[in-house]
Amino acid sequence: MACLKSIISTAMYLAGSLGPTWFDILEVLQNADYVMTLKGTRGAQAPSRRLSVVPSGGTPRPSRIVSATSSPNPAAPSNAGQAVVRHPLLTELDPETIQLTINRLYDGTKNLDDDAFKDFVGSLCKLSHEMVGMQASKSMEMRISESMDETLSPGLPSALSPSAGGLSPMIGTPRSSRRVSGMGASKPTRAGDYGIARLGDVALLNIHRLIYRNPEVAWTTVTTHLLDTLQDAEAPPPIRLQAAEVLDEILAVVPRNISSVGSSQGDIQGRVIDVLSQQVLLEGHISSLSVVIDIKKLGLETLHKILQSSGHSLVVGWEAIFDMLGSVCQPLAIKASPLGSPSTPTPATLHPKSRLPPLSVTTTVPKSAVILVRIAFQSLTLVCESLDSLTPEQLRLCIRTLGQFGRQQDTNIALTAAESLLWGVSDSIQAKRKDVEKEPVYSSLWTFLLLELQGLCNDSRPEVRNGAIQTLFRTLQLYGATLSLETWDDVVWKVILPLLDALTISVKESVAVSAVEMEPPTPTPGNILSKNPWDESKALTLQSVGAVVSDFLVSKIMYLETFPQAWDAFIHHVTDSLLHDVRNVSTASLRCLERGLKASSSAGTDLRPIVSAAWERTWVACDAMGDMVATEREDGSQRILPFTQECLQALVEVVALTYSLSGNGWDLERIKRLLAILKAVITYSSSRDYRPDIDSLSPIQAAVLEAIEQIQLTVPGAPSAMISDVAEYSTLAFLAAFDYEEPPLPGMAADRKRPTKRVTYIALSKKTMPKLLRLYLRFKDVKDIYEDGTIETVFS
């Protein structure tokens, strides 16, 4: 202990000039620390080896080394009353005092000049590197030996065993064992590396030197060593975690000690973020995934601390931050296991039929990796609170990262990203669009945000999907008035129409999957009004599209050069929905079209040619949809689902609105076609949700009669067609009444007999008979009604 004290005192006196000699001194301190902290108790209880040596005379010879703290020999004469004078080197030799002295040596590094401090840190890192390398070599040797023992027959010696006369062990020499401080045992007894622990202490004591001095003085040496250690797949896991903890402690402290004055702020922040990103983006071996996840977790927690304390003052490093946050959303980067890893069978030890499949990016990620997503999302939430400091490219990275989190398995995280955070980014972008010079850049960025939301609108989870749909269209409604025509063209062709296409494909795929899993059910109200989440999402989208079209059709969309093509694509979606979708979706599509038609009625004279063409295209679609109702034809091999009364009512109102907008120029043939569609709807007999029609008209009957009232009878032949149809309506109660089964109640067996009800047309007859009389009195002087057989039809 006296020699150790002497070495420490000498080192403290010559600290500024020791240079590379620090390595030997630090090695001594490491071994002393091991002896005092881990072997002290055991050594005190065991007798000294030197006292156990018996000379030839048979009498034990006392040791020539006497502890300064031991009591005098009882047999020796004592000088009572005289003070014992000890040499200063033989005083204060207890382990606690020695430890305090060692600590003072490390504390003294604050007084070293830069060159001396560089030598000290370099020696400490070199010592730590050797110790970690020895432990890694020992661990590798043990794994290879165990692997070979399992491969060879039990009776054969291992070629790597020292007793077998084969290869010599990688460590175990006296010098190696001494330097490793007891680590040459079969199992390491130390919980961590001495050099790494002391390196962290020294770095924190000299934090300002790390920040403001040339990085080559200490920063590069310290961070490189710690990164190399935590990235070393051969190093023991506790050592790797210790290196990560020490590194993170340093990185968390640095930003809080940076002065906001001066040009070095960005350089220092960049160094911190760069080192931290190397930790978070660490690749892992198959055999050490859990360690890699823990190291990443420590790095992400440090990033969260930095953003909490200094996020508002970061001037660089945002690109690396988004890379770190986005990395947790990707499959873990996995490299092949190191040689000798027990989890990597060699081809020679595998049966041909039991060989593992090639590793792909779809490798299942351990459940423990889920925590990385949660920690990173907390940091991303902090980033979204300081969006004003981000450049357009950094905002683009933020949007992309939010989209990645919107696709994560954790529904709460996905919902928050899709609904709340992307909405906040949208607000920030719109605020920056007010600058005329920057408006094109931020308009393009806003379109990119909509495209990211559009991707989430097709998510497999209904909650995330519907939340993204609502956010997307709420954003459009709020800011659509400020968008340029170029941006609106992108919105229509890159966002809205592709979203409808994607949802249509997803709906068909979900139906196909259901058809494979079970037999197609007989159409009933239960599956006509589907509870399929994809159908509900498409209906929600159509309702939202209707709101956007209603708000911006005349002011923005109609001024697009591609509006005719866009309207055709929109009409195609409505027609396709009526043909293939369940009826709640079909109804939503018809209501969407109705809102568009109502909005078009307010178009100015400059848009009249465009509007007229759109109305004409709409009538062609109405004609085709009316044909679906009139004939109930089959489309390929799939029968059209029965129409609900609500869907038919929506169709009638669309047809009537189309006529009211463009019917002034209709000829007799088109009016007759309109009347035929209305008659097909009112006599439709395949619905299962009829309303009572004895005392009052059902909603669909009222809608048809209201549409008839709008028809102008100035075209020759139109009065005859109208009188004939109204006369037929008045006879339906006597000739066309029919019974239908009520829909099954929830939980009712499909084969159980259900009560029947009757569609009577009584209220319709009572309503149309007076109307028929009025029509006759109005056109009794028109000879066509007598010549074309209309009167005969009335009385027949």
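Below, all heavy atoms of this structure are taken into account, side chains as well, without hydrogens, waters or symmetry copies. When a residue number appears, it is its place in the shown sequence, counting from 1.
Within the structure, the salt bridge (charged side-chain N to carboxylate O under 4.0 Å, His left out) test picks out the following pairs touching residues 369-378 (sequence neighbours left out): R374-D410. Screening residues 236-254 for salt bridge (charged side-chain N to carboxylate O under 4.0 Å, His left out) gives no qualifying pairs among residues at least two apart or on separate chains.
Put simply, CG on L303 and OG on S379 are 4.5 Å apart, with the number rounded to the nearest 0.5 Å. From L29, atom CG reaches atom CH2 of W22 across 8.0 Å, with rounding to the nearest 0.5 Å. Going from atom OG1 of T302 over to atom CG of L251 covers 6.5 Å, rounded to the nearest 0.5 Å. Distance CG/L281 to OG/S327: 5.0 Å, rounded to 0.5 Å. Taking CZ of R213 as the start and NE2 of H208 as the end, the distance is 10.5 Å to the nearest 0.5 Å. The distance from the CD1 atom of I196 to the CG atom of L247 is 10.5 Å, given to the nearest 0.5 Å.
Under the 4.5 Å side-chain criterion, counting only non-hydrogen atoms from C-beta, V383 is in contact with W318. Between I321 and L314, the closest side-chain pair of non-hydrogen atoms falls below 4.5 Å. Looking at heavy atoms from C-beta onward, C125 lies in side-chain contact with L199 at the 4.5 angstrom threshold. L298 is listed as a side-chain neighbour of Q279, based on a closest heavy-atom distance under 4.5 Å. In this structure the side chain of H312 never reaches within 4.5 angstrom of the side chain of S386, judged on heavy atoms. Side chains of C398 and L387 form a contact here, defined as non-hydrogen atoms less than 4.5 Å apart. Looking only at side-chain heavy atoms (C-beta outward), D119 and L18 stay at 4.5 Å or farther from each other. Considering only heavy atoms from C-beta on, L4 comes within 4.5 Å of M36 through its side chain.
Within the cation-pi definition used here (under 6.0 Å to the ring centroid, within 45° of the axis), R400 does not qualify as a partner of F322. In this structure, R271 forms a cation-pi arrangement with W219, its terminal cationic atom sitting closer than 6.0 Å to the ring centre and no more than 45° off the ring axis.
Judged purely by atom type and a 3.5 angstrom limit, S277 uses its side chain to pair as donor or acceptor with the backbone of D274. Between the side chain of Q269 and the backbone N or O of S313, at least one donor-acceptor pair lies under 3.5 Å. No donor-acceptor pair under 3.5 Å is formed between the side chain of S128 and the backbone N or O of L124. Looking only at distances, no side-chain donor or acceptor of T224 sits under 3.5 Å from a matching main-chain atom of T221. The backbone N or O of Q394 lies less than 3.5 Å from a partner atom in the side chain of T391, making a donor-acceptor pair. Between the side chain of K296 and the main chain of V280, a donor-acceptor pair closer than 3.5 Å is present. Between the T229 side chain and the H225 main chain, a donor and an acceptor come within less than 3.5 Å of each other. Distance alone, capped at 3.5 Å, places no donor-acceptor pair between the Q231 side chain and the L282 backbone.
Here the shortest heavy-atom pairing between V316 and G266 reads CG2-O, 3.0 Å. Taking all atoms of both residues into account, the shortest heavy-atom contact from M12 to T101 is SD-O, 4.3 Å.
Taking 4.0 Å as the cut-off between side-chain N and carboxylate O, K297 and E301 count as a salt-bridged pair.
A tilted orientation is assigned to the rings of F405 and F377, their planes being inclined by 30° to 60°.
Judged purely by distance below 3.5 Å, without hydrogens or angles, the side chains of T21 and D24 never pair a donor atom with an acceptor atom. When only modelled atom types and interatomic distance are considered, T109 and N206 share a side-chain donor-acceptor pair under 3.5 Å. No side-chain N or O of N214 forms a donor-acceptor pair with one of R209 less than 3.5 Å apart.
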